[in-house]
Number of protein chains: 2
Amino acid sequence: MTALRPLRPSSKVLPVDARGHNRSLVLQTLYREGTRSRADIARETGLTRVTVSALVAELIADGLVVELGQREETRPGKPATLLDLDRSAFVIVGLDLSEHSVFTGALLDLDGAISARAEVALEGSTGDEAVEKVEALAARLIEQATAPVLGIGVGSPGVVDLGGVVLSAPNLGWNGVPLQSILADRFGVPVLVANDANAAVLAEHSFGGADSDAMLITIGHGVGAGLLLGGTPLFGSRFAAGEIGHVVVGTDGGAVCACGKRGCLETWLSIPNLIDRLEGEQGAARTAVLQEAGQRLGMSLAPVVGALDLSEVILSGPTELLDGPLMAATVETLRSRTMAEFHGSLTLRMTTLGADIVLRGAAVMVLSGQLGVS
Amino acid sequence: MTALRPLRPSSKVLPVDARGHNRSLVLQTLYREGTRSRADIARETGLTRVTVSALVAELIADGLVVELGQREETRPGKPATLLDLDRSAFVIVGLDLSEHSVFTGALLDLDGAISARAEVALEGSTGDEAVEKVEALAARLIEQATAPVLGIGVGSPGVVDLGGVVLSAPNLGWNGVPLQSILADRFGVPVLVANDANAAVLAEHSFGGADSDAMLITIGHGVGAGLLLGGTPLFGSRFAAGEIGHVVVGTDGGAVCACGKRGCLETWLSIPNLIDRLEGEQGAARTAVLQEAGQRLGMSLAPVVGALDLSEVILSGPTELLDGPLMAATVETLRSRTMAEFHGSLTLRMTTLGADIVLRGAAVMVLSGQLGVS
DNA sequence: CATGTTTGTTAGTAAAGCTTACGAACTTAT
DNA sequence: ATAAGTTCGTAAGCTTTACTAACAAACATG
């Protein structure tokens with residue numbers, strides 16, 4: 001008889017786990033700050049020079065870190081030996097399954113730069129056929145790799161659990177597809193699978209300058225969101241966090257949605273619906289349609305921004321539709337519906353990463369999972 | 001030149017830190033599962049019997065754990081020596097500053113049971129005068145303590161940062177009041193200060209059976225919320241997470257709020273406003289007022305529940321107003337505005353902890369901060 | 001009564017990071 | 001030019017941690 005309900009048991013920590021953490025810490029310092037000496041790393045991490053030397057020796061043996069020779073800068077004392085990540089030592093395979101009619105993929109280096117691309121047309125494939133197309137795409141990219149593959153990252157539409165099983169992706173006809181283990185078995189490298197919007201918000205955090213509390217809205221065939229809270233992605237109790245497309249917005253009806261309800265956010269904001277509404281409209285009428293959509297988005301987001309105290313909301317999707325009256329109306333609605341004094345510094349902007357955002361997010365997943373850097 | 005923006009540096013981990021973690025793990029096992037032998041703990045934690053013995057010896061020396069004698073149960077092998085937390089070894093001081101005209105406080109044991117109470121009338125005090133009343137209340141409770149004080153937990157209204165500074169609490173006239181250090185300096189024991197709704201959701205998780213993803217709405221003089229995501233409280237980028245009282249709900253105007261906007265959630269739902277609206281109403285008219293308030297709450301919560309994939313929403317406040325037509329309307333609105341297939345198991349209920357919820361949450365903060373149990 | 005089981009402890013080992021010390025290589029002051 | 005001071009990386013030895021192996025104590029069972 002105890003007053004507390006059981007929590008999932010947290011696990012023991014051995015000294016060897018601490019070692020792994022400190023190894024990642026050294027790696028992260030080099031990754032983020034760039035060229036550094038062993039003594040620099042010791043100062044920045046708080047570890048001793050001795051310990052850093054041992055960890056660096058291990059990283060050099062693993063081929064992750066290289067010595068670059070002595071520091072040029074002239075100052076007293078023995079010159080430092082500079083180190084850096086060997087940013088060409090590995091490549092990462094990133095896959096984006098979120099587009100409507102095509103799977104895209106790329107080879108990325110440790111900095112997230114894209115060195116090769118490939119894609120495969122979906123042609124209406126679903127189920128196993130679609131899985132085979134994912135495998136073929138990955139195989140094609142791995143063939144082109146000029147360095148060992150660190151891992152495969154996948155941004156998939158739908159609901160994905162922590163083990164990389166796609167629980168539900170209606171467009172692809174997937175229900176409980178264990179994509180992670182399928183790819184891991186086939187290619188023998190680490191595989192990480194997540195929802196596309198979650199991947200995107202990670203990319204925006206790592207490469208796009210987003211805060212560690214941010215929300216990224218993907219607007220395309222559907223409407224979804226990825227949430228980053230305290231630097232950690234939010235998955236939700238049923239792995240369905242960010243599924244905001246089918247939340248009803250407003251009290252005044254709205255169009256009937258594919259899901260059966262009336263006035264879902266997607267009926268206002270998804271690109272197909274938006275294009276339908278804009279059909280033939282010009283000038284002020286066109287602006288009015290975009291403003292209405294923006295207001296609806298703002299109304300939907302206001303309670304979330306207030307409840308989570310978000311400082312940054314980012315939009316991803318077709319710039320020509322989103323970046324203008326729509327976004328202006330969203331920010332105006334957000335400000336007028338939340339506490340201005342608290343949210344004075346709330347920013348709303350387009351992603352800076354364009355169409356590659358999911359691919360680069362998939363790479364971040366691998367970097368963070370395999371190297372502990374992110 | 002690196003592609004990643006700097007993150008706040010995470011810190012090194014020494015073997016001694018791992019030791020502390022494992023010590024907490026043993027403590028947590030005893031706290032949650034109750035009476036256990038060393039061998040039981042070893043099996044449940046994955047640590048060896050040797051290591052557990054060493055950790056238990058330390059905990060016994062600290063007075064946190066006691067031996068209870070041999071297990072009665074008859075089975076082969078040497079009989080086990082049973083252990084348990086010494087649940088009367090320490091007391092916790094919990095303070096609730098969230099009520100409108102009175103500060104309440106209590107002495108709690110390690111199980112969160114209340115053994116003494118005290119309160120002090122606010123009588124309009126603000127600023128330093130209010131701080132002095134907090135100190136007096138704590139002093140009065142500490143005098144009554146029959147065991148060493150493990151720490152002081154405080155649930156305060158307003159915005160509280162991670163260092164226990166009350167950045168803003170308009171009702172008390174507090175702006176940047178370092179309550180944690182004031183109390184720590186005065187009483188020489190660990191002090192933890194957090195927002196009242198955050199404290200409340202912790203209590204509901206520890207003592208009320210709430211899931212590790214839950215949202216607790218406090219409805220009183222104002223309307224606030226505490227969020228628990230993955231078992232961790234959410235604070236937000238400016239420590240203002242949960243401030244949903246001044247989010248505008250609906251598109252049809254509504255009453256003017258103290259904050260200047262029109263149609264804030266508080267204008268529909270705060271207890272003073274609700275009582276005003278109910279003034280003189282009976283029967284169906286009364287029900288209609290409560291239903292309207294419940295619908296407004298549901299409209300506000302729907303985007304949050306959808307975005308966070310919450311499975312549990314809990315209300316705290318006067319049962320006679322909330323637990324009836326209001327709550328029924330809220331759950332109905334929530335279901336009709338979110339994806340039923342995902343949120344089939346969404347539950348909305350009243351807290352089971354009554355008026356002591358903040359006091360007990362304050363105790364959880366101390367338990368979790370000082371013993372690593374929660 | 002012999003055998004097997006379970007508990008808690010003792011003894012010894014491996015790993016991790018620490019402190020102390022030192023040689024190498026450089027700048028700066030005399 | 002020489003001496004002194006500074007900085008870097010490494011070596012040696014220590015402390016802490018949790019591990020394995022082994023054992024005595026205390027019980028049940030055939």
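Chain naming here is simple, since letters A, B, ... match the order of the sequence lines and numbering starts at 1 in each.
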Expressed in angstrom and rounded to an integer, what is the separation of [X] atom [atom1] from [N] atom [atom2]?
| X | N | atom1 | atom2 | answer |
| --- | --- | --- | --- | --- |
| B:Glu72 | D:dC27 | CD | P | 11 Å |
| A:Lys12 | D:dT17 | NZ | P | 17 Å |
| A:Arg19 | D:dT17 | CZ | C1' | 15 Å |
| A:Asp17 | D:dT16 | CG | P | 21 Å |
| B:Arg75 | D:dA26 | CZ | C1' | 13 Å |
| B:His21 | D:dT17 | NE2 | P | 15 Å |

Pairs under 3.5 angstrom only: tabulate donor-acceptor contacts from the side chains of residues 57-64 of chain B to other protein residues two or more places apart or in another chain.
unit_1	atom_1	unit_2	atom_2	d
B:Glu58	OE1	B:Arg19	NH2	3.0
B:Glu58	OE2	B:Arg23	NH1	3.3
B:Asp62	OD2	B:Arg23	NH1	2.7
B:Asp62	OD2	B:Arg23	NH2	3.3

Q) Closest nucleotide of DNA chain C for A:Pro76 versus for A:Pro15: which of these residues is on the 5' side? A)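 Checking each residue's closest nucleotide, the 5'-ward one belongs to A:Pro15.
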(Q) Go nucleotide by nucleotide along DNA chain C from the 5' end; which of A:Arg49 and A:Lys78 gets its closest nucleotide reached first? (A)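 Mapping each residue to its closest nucleotide by heavy atoms, the 5'-most match is A:Arg49.
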Q: Quick one: do B:Leu85 and B:Val65 satisfy side chain to side chain contact (heavy atoms under 4.5 Å, CB included)? Show the steps, please.
A: CA-CA 4 Å; B:Leu85 270 192; B:Val65 167; 4.1 Å; yes
With no hydrogens and no angle check, is any side-chain donor or acceptor of [X] less than 3.5 Å from a backbone partner on [Y]?
| X | Y | result |
| --- | --- | --- |
| B:Asp213 | B:Gly230 | yes |
| B:Arg360 | B:Ala203 | no |
| B:Asp111 | B:Ala113 | no |
| A:Ser237 | B:Asp309 | yes |

Need one value for [X]: base, sugar-phosphate or nothing, where a base atom within 4.0 Å counts as base even if backbone is also close, heavy atoms only.
| X | answer |
| --- | --- |
| A:Val50 | base |
| B:Arg43 | sugar-phosphate |
| B:Arg23 | nothing |

Q. For the atom pair NZ (A:Lys78) and CZ (A:Arg71), what is the distance rounded to the nearest 0.5 Å?
A.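 It is 13.5 Å, given to the nearest 0.5 Å.
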Side-chain N or O of [X] versus OP1/OP2 of [N]: is the shortest distance under 4.0 Å?
| X | N | result |
| --- | --- | --- |
| A:Arg38 | D:dT10 | yes |
| B:Thr48 | D:dC19 | yes |
| A:Thr81 | D:dG9 | yes |

**Q.** Nearest non-hydrogen partners of A:Ala147 and A:Ser88, listed with the distance
**A.**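 Where A:Ala147 meets A:Ser88 most closely, the heavy atoms are CB-O, 3.6 Å.
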Q | Nearest heavy-atom neighbours spanning A:Arg38 and A:Thr81 | A |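 Smallest interatomic distance, heavy atoms only, reads NH1-CB, 4.0 Å.
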Q.
Tell me which residues in residues 55-64 of chain B lie within less than 4.0 Å of DNA chain D, going by non-hydrogen atoms.
A. none
(Q) Tell me whether the count of non-hydrogen atoms from other residues, nucleotides or ligands lying under 6.0 Å of CD in A:Glu72 goes above 12. (A)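 Open: at most 12 neighbouring heavy atoms sit under 6.0 Å from CD of A:Glu72.
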Q | 5' to 3' contact window, DNA chain C with chain B (heavy-atom distance under 4.0 Å) | A | C:dG4 to C:dC18
(Q) On DNA chain D, compare the nucleotides closest to A:Asp40 and B:Asn22; which residue's is nearer the 5' end? (A) A:Asp40
